[in-house]
Amino acid sequence: EFNADIEIVNFSNNSLDNKTVKTSFVCEETGNSYSSGIIKDNGENYISAGKISIIFPEITKPSKATFTVEIDGTDIKNTYTLWLYPKTESVDISGAYIFESVNQEAEELLSQGKTVLIIPQLEKVTNSIKGFYCADFWCYPMFRSISEMMGKPNPIGTMGLLIDDKHPALSQFPTEYYSTHQWWEIVENSVSEILDDNHADKHIIVQTIDNFERNHVLGLLYEYSHKNGKVVVLNADAEKLTATPEGRQFIKSVIHYCKA
């Protein structure tokens with residue numbers, strides 16, 4: 001079920017009284033929904049245009065939906081992207097080879113041509129930068145120096161994500177190639193490993209973009225070949241991710257790739 005309040009902010013000289021507000025919810029998996037209503041302008045800048053509630057069938061695969069609100073006869077239009085996930089209470093890890101590091105058991109599996117998933121304890125990934133969803137504000141060197149002068153913590157200073165959205169590790173977690181809000185919890189519960197001198201043999205699936213001053217090569221999710229197998233490294237707190245629908249779907253997608 002999708003519920004939303006429709007509120008309009010109008011600072012123009014034009015009244016919106018008796019204008020028609022239209023909404024559309026477009027999703028291939030659930031089907032489309034359309035509605036409309038008449039605006040009653042109260043003469044103030046803030047207008048409540050009513051509520052909308054859409055009940056759709058339970059989905060069977062992750063899907064992207066688009067919710068649009070527009071006022072007929074004007075150029076006023078907002079579009080919102082929504083990500084929908086099947087109901088998943090837990091993530092099935094049976095059959096997956098998951099370790100905190102490439103230990104002797106993992107080495108043996110790699111010799112047999114297996115794929116192992118490394119989910120390290122984040123505090124042990126010392127050569128890293130803390131995950132932070134919001135992009136750096138304007139000029140990192142300036143705000144870093146101000147923070148140092150005031151005795152405040154330095155800003156994280158990263159610039160969002162560069163995602164290999166067609167990679168099979170994300171086949172069950174549809175995404176754009178850049179940061180969208182479904183990545184918020186994932187990024188906030190992650191670190192990005194600094195791979196500056198150690199990335200030539202690695203394919204970074206989810207890369208954090210650094211600022212122009214440091215310009216580190218940063219890996220949140222990456223893979224590389226080793227012996228006869230493959231190592232997939234996920235620098236995130238899996239336990240915290242499983243507390244959210246998008247986190248569970250992301251972990252499920254990565255594990256499905258490793259098992260396949």
Checklist line | Stacked cation flag Arg214 on Tyr140, 6.0 angstrom / 45 deg | finding: yes
Sorted by chain and residue number, the side chain to side chain contact (heavy atoms under 4.5 Å, CB included) partners of His199 (sequence neighbours excluded) come out as Leu195, Val217
Are side-chain heavy atoms of Thr158 and Ile209 found at a separation under 4.5 Å?
no
Fill in: same_hphob_cluster(Leu221, Val231) at 4.5 Å side-chain heavy-atom cutoff
no
Rounding to 0.5 Å, atoms OG1 (Thr23) and CD (Glu70) come to a distance of 9.5 Å
Here the salt bridge (charged side-chain N to carboxylate O under 4.0 Å, His left out) pairs for residues 78-96, sequence neighbours left out, are Lys87-Glu89
Distance col, row Leu170:CG vs Thr175:OG1, nearest 0.5 angstrom, shows 7.0 Å
Sub-3.5 Å donor-acceptor pair from the side chain of Gln182 to the main-chain atoms of Pro174, do we have one? yes
Quiz item: Where the side chain of Ser253 meets the backbone of Phe250, is there a donor-acceptor pair that is under 3.5 Å apart?
Solution: no
Notebook entry, point to check: Looking only at atom types and distance, does a side-chain atom of Asp41 sit under 3.5 Å from a main-chain N or O of Leu16, one as donor and one as acceptor?
Noted result: yes
Asn228 meets the side chain to side chain contact (heavy atoms under 4.5 Å, CB included) criterion, sequence neighbours left out, with none
- Check whether any side-chain N or O of Gln249 sits under 3.5 Å from a backbone N or O of Gln172 as a donor-acceptor pair, and report yes or no. yes
Tell me whether the count of non-hydrogen atoms from other residues, nucleotides or ligands lying under 6.0 Å of CD in Glu123 goes above 12. yes
| said: Tell me whether the count of non-hydrogen atoms from other residues, nucleotides or ligands lying under 6.0 Å of NE2 in His256 goes above 12. | reply: no
Checklist entry - Parallel, tilted or perpendicular for Phe11 and Tyr46, by the 30°/60° rule? => result perpendicular
Distance col, row Gln104:CD vs Phe99:CZ, nearest 0.5 angstrom, shows 11.0 Å
| request: Compare all side-chain heavy atoms of Leu82 with those of Phe2 and state whether any distance is below 4.5 angstrom. | output: yes
Could you go through residues 109-118 and list every donor-acceptor pair under 3.5 Å that involves a side-chain atom there, pairing it with any protein atom two or more places apart or in another chain?
unit_1	atom_1	unit_2	atom_2	d
Ser111	OG	Glu107	O	3.0

Inset, instruction - For the pair Ser179 (side chain) and Leu161 (backbone), establish whether a donor and an acceptor sit closer than 3.5 Å, ignoring hydrogens and angles. - result: yes
Verify side chain to side chain donor-acceptor pair (under 3.5 Å) between Ser101 and Asn103, making sure each step is shown before the conclusion.
CA-CA 6 Å; Ser101 63; Asn103 56 23; 5.1 Å; no
Looking only at heavy atoms, the pair that brings Ile8 and Ala49 closest together is CD1-CB, 3.9 Å
Shortest non-hydrogen pair, Ser147 vs Asn154, comes out as CB-OD1, 3.7 Å
Fill in: Close side-chain approach of Val232 to Leu234, heavy-atom, < 4.5 Å
no
Taken in chain and number order and not counting sequence neighbours, the residues that satisfy side chain to side chain contact (heavy atoms under 4.5 Å, CB included) with Lys130 are Ile156
Across all chains, not counting sequence neighbours, the side-chain hydrogen bond (donor to acceptor under 3.5 Å, both in side chains) partners of Asn198 are Lys202
- prompt: Linking I/L/V/M/F/W/Y whenever their side-chain heavy atoms sit closer than 4.5 Å, directly or via other members, would Val21 and Ile52 fall into one cluster?
  reply: yes
Report task. Group every Ile, Leu, Val, Met, Phe, Trp and Tyr by side-chain heavy-atom contacts under 4.5 Å, then state whether Phe212 and Ile129 land in the same group. Result -> no
Q) Angle class for the Tyr224/His226 ring planes (parallel below 30°, perpendicular above 60°, tilted otherwise)? A) perpendicular
Sequence neighbours excluded, the answer for side chain to side chain contact (heavy atoms under 4.5 Å, CB included) partners of Ser225 is none
All heavy atoms of Cys27 vs all of Lys64, minimum pair found to be SG-O, 3.8 Å
Residues at least two apart in sequence or cross-chain that pass side-chain hydrogen bond (donor to acceptor under 3.5 Å, both in side chains) with Ser53, listed by chain then number, are Glu1, Asn3
Across all chains, not counting sequence neighbours, the salt bridge (charged side-chain N to carboxylate O under 4.0 Å, His left out) partners of Arg144 are Glu148, Glu213
Heavy-atom nearest pair, Ala236 first then Leu122, reads N-CD2, 3.7 Å
- Is a side-chain donor or acceptor of His216 paired with a backbone partner of Leu218 at a separation under 3.5 angstrom? no
So, Asn127 side chain and Ile194 main chain: donor-acceptor pair closer than 3.5 Å or not?
yes
Heavy atoms of Gly219 and Asn235 approach each other most closely as O-ND2, 3.1 Å
Output for pair (Asp201 CG, Tyr222 OH), nearest 0.5 Å, gives 9.5 Å
Is any side-chain heavy atom of Ser171 closer than 4.5 Å to a side-chain heavy atom of Tyr257?
no
Contacts of Asn18 meeting side-chain hydrogen bond (donor to acceptor under 3.5 Å, both in side chains) (sequence neighbours excluded), chain-then-number -> Lys40
Q.
Applying a strict under-4.5 Å side-chain criterion to I, L, V, M, F, W and Y, I'd like to know whether Ile205 and Tyr133 cluster together.
A. yes
Lys22 meets the salt bridge (charged side-chain N to carboxylate O under 4.0 Å, His left out) criterion, sequence neighbours left out, with Asp72
Query - salt_bridge(Glu188, Lys240) N-O dist < 4.0 Å - result: no
Residue set satisfying side-chain hydrogen bond (donor to acceptor under 3.5 Å, both in side chains) with Ser48, at least two apart, ordered chain then number -> none
> Do Phe173 and Trp83 make the cut of ring centroids closer than 6.0 angstrom?
Replying inline: no
| query | With a 4.5 Å limit on heavy-atom distance, are the side chains of Thr244 and Ile186 in contact? | reply | no
For a 4.5 angstrom cut-off between non-hydrogen side-chain atoms, does Ser35 reach Phe25?
no
Smallest heavy-atom separation, Glu185 atom then Leu241 atom, equals O-CD2, 3.6 Å
- Message: Do Ser192 and Leu220 have side chains that approach each other closer than 4.5 Å (heavy atoms only, starting at C-beta)?
- Response: yes
dist Ile93:CD1 -> Ile251:CD1 (nearest 0.5 Å) comes out at 10.5 Å
Distance col, row Glu223:CD vs Ile204:CD1, nearest 0.5 angstrom, shows 11.0 Å
Query raised in the report: Is it true that a side-chain atom of Ser63 and a backbone atom of Lys61 form a donor plus acceptor pair closer than 3.5 Å?
Result: yes
May I ask you to decide if Asn10's main-chain N or O and Asn45's side chain share a donor-acceptor pair within less than 3.5 Å?
yes
- Task: Please assess Glu176 against Ile163 for the test side chain to side chain contact (heavy atoms under 4.5 Å, CB included), listing each intermediate value before the final yes or no.
- Result: CA-CA 7 Å; Glu176 309 291 358; Ile163 303 162; over 6 Å; no
Between Val206 and Leu162, is there shared hydrophobic-cluster membership here, with clusters defined by ILVMFWY side-chain heavy atoms closer than 4.5 Å? no
Polar side-chain atom of Asp136 near backbone of Pro155 as donor-acceptor pair, under 3.5 Å
no
